[in-house]
Amino acid sequence: MFDIDSFDLRLRAVPDGGVTSARGFKAAGIHAGFRKNPERLDFAMVAAEAPVAAAGVFTTNRFCAAPVQVCREHLGGRDCGYGQVQGVIINSGNANAATGEPGLALARESCEIASQIMGCTPEQVLVSSTGVIGQQLGIECFETGIPAVYDELSEQGGANAARAIMTTDTHPKEYAVTYASGELEYADCQFTVGGMCKGSGMIMPNMATMICIITTDAPVAPATLHALLASCVNKTFNKVTVDSDTSTNDTCIMLASGAAGVDVPLIEEGSGAYEELRYAVYSVCEALARGIASDGEGASKLVTVNVTGAASEEDADTAARAVANSPLVKTAIAGHDCNWGRIAMALGKCGVVFEQADVSIDIMGMPVCRKGLTVPFDEDEALRRFEAPEIVIDADLGAGECSTTVWTCDLTHEYITINGDYRT
């Protein structure tokens with residue numbers, strides 16, 4: 001039986017870890033001309049030496065971008081989401097979304113070019129784009145950029161790849177963990193999970209994040225990898241909201257090389273090795289998801305909303321998102337205002353059934369509401385606690401046993417400035 005406490009002792013963060021921390025992968029990031037500024041990296045590639053197990057989850061936005069549609073095709077269609085992939089190419093600066101048939105043709109052609117360089121089939125290449133919606137994207141930057149970025153591939157190239165996929169992000173987002181398996185079949189195996197992502201605005205993922213690539217050197221079949229990825233995404237990236245908007249391009253792709261598990265069986269769902277790997281993937285996804293929330297456009301605070309005592313998991317999620325998405329709650333946090341009434345308002349409007357007399361609310365560990373009524377607190381102490389980089393809100397609905405956590409950020413004047421000037 002999987003012992004999470006014992007596994008925690010074996011799980012280690014990789015110093016400066018990222019998408020190439022797992023064995024069997026190389027990456028690179030270059031300036032290919034998608035952006036006008038020659039100092040900005042704007043094109044990334046993550047690749048294996050041969051096709052590896054792959055899985056993906058994508059936006060549910062019906063205005064989904066051409067690269068999302070092509071990735072779904074290459075991973076067996078909308079209802080599949082897994083297959084064999086050798087590499088992923090990602091451009092920033094242009095989303096290739098709402099571009100019709102020309103956009104689809106371009107996404108497919110870029111995979112064709114990459115496949116010729118990598119020596120695989122076009123279906124074994126995935127493509128992702130991020131940036132402005134509704135603008136046609138030319139093939140020229142792919143024609144010159146793909147061979148150029150391929151030549152730069154290295155095991156040290158993950159950091160540049162993470163920078164190349166940024167849009168309004170203030171910094172790259174990378175993380176990796178490693179562990180020695182405690183399962184007999186994998187006694188000599190040291191597995192690693194690493195990843196990179198971008199995301200800062202237009203963030204409330206649904207079955208994906210903005211753009212994320214996760215890699216592992218554990219041996220996993222594609223269908224098993226998809227089940228593992230989907231379960232982790234649902235509990236991490238799908239619990240992030242910056243502004244309640246779901247992107248047209250949300251993409252999360254996971255690749256498994258098996259390079260750390262030669263001559264061992266594939267990890268199967270339901271096994272102890274599967275639970276180890278799932279917890280490692282969850283740890284990477286959680287770190288990256290928190291990174292997205294804390295780097296929300298214009299944000300000064302990471303905000304963690306914990307809801308307990310809900311009648312169902314759906315109720316817990318609905319209540320937590322109502323608090324996390326409330327402009328009044330988010331601006332109160334930006335202003336260091338310990339105004340629990342705004343939290344109560346958000347809970348009360350969301351449609352979840354509970355009795356206000358059963359509700360308790362804490363802000364930064366301070367009781368501010370019990371049985372639906374005010375609890376006196378020290379305003380000066382509240383101001384001091386608001387200096388912390390992470391603001392934690394706890395709300396107990398007193399209606400059941402279900403709970404959840406959602407991550408968001410505060411809402412500042414800078415959010416308006418960034419989005420008002422986005423295309424300029």
What is the ring orientation for Tyr179 with Phe191, classed by angle as parallel under 30°, tilted 30 to 60°, or perpendicular over 60°?
perpendicular

Are Arg108 and Glu73 close enough for a salt bridge, meaning some N to O gap below 4.0 Å?
yes

Electrostatic pair Glu286:Lys235 at N-O distance under 4.0 angstrom:
no

Considering all heavy atoms, the nearest Ala218-Ile267 contact:
CB-CD1, 4.0 Å

Do you know the tightest heavy-atom contact between Cys409 and Gly296?
SG-CA, 3.9 Å

From Met45 atom CE to Ile89 atom CD1, the distance as rounded to the nearest 0.5 Å:
6.5 Å

Salt bridge (charged side-chain N to carboxylate O under 4.0 Å, His left out) with Glu390: which of Arg290, Arg385, Lys301?
Arg290

Rounded to the nearest 0.5 Å, what's the gap from CD on Glu276 to OG on Ser6? Could you check?
9.0 Å

Is there a side-chain hydrogen bond (donor to acceptor under 3.5 Å, both in side chains) between Thr99 and Gln136? Walk through the geometry before answering.
CA-CA 6 Å; Thr99 49; Gln136 294 293 338; 4.7 Å; no

Output for pair (Glu101 CD, Leu106 CG), nearest 0.5 Å, gives 12.5 Å

Using the ring of each side chain (for Trp, its six-membered ring), is Tyr82 parallel, tilted or perpendicular to His226, with breaks at 30° and 60°?
tilted

Indicate the atoms forming the closest heavy-atom contact of Glu183 with Ala273, along with that distance.
CG-N, 3.5 Å

Centre-to-centre under 6.0 Å for Tyr279 and Tyr274, is that the case here?
no

Could you tell me whether Lys239 and Asp317 have a side-chain N and a carboxylate O separated by less than 4.0 Å?
yes

So, applying side-chain contact (heavy atoms from CB on, under 4.5 Å) with Ile213, which one of Ile165, Val19, Leu126 is it?
Val19

Taking all non-hydrogen atoms of both residues into account, name the closest pair between Ala95 and Gly131 and its distance.
CB-O, 3.5 Å

Roughly how far, to the nearest 0.5 Å, is the SG atom of Cys141 from the CZ atom of Arg35?
12.0 Å

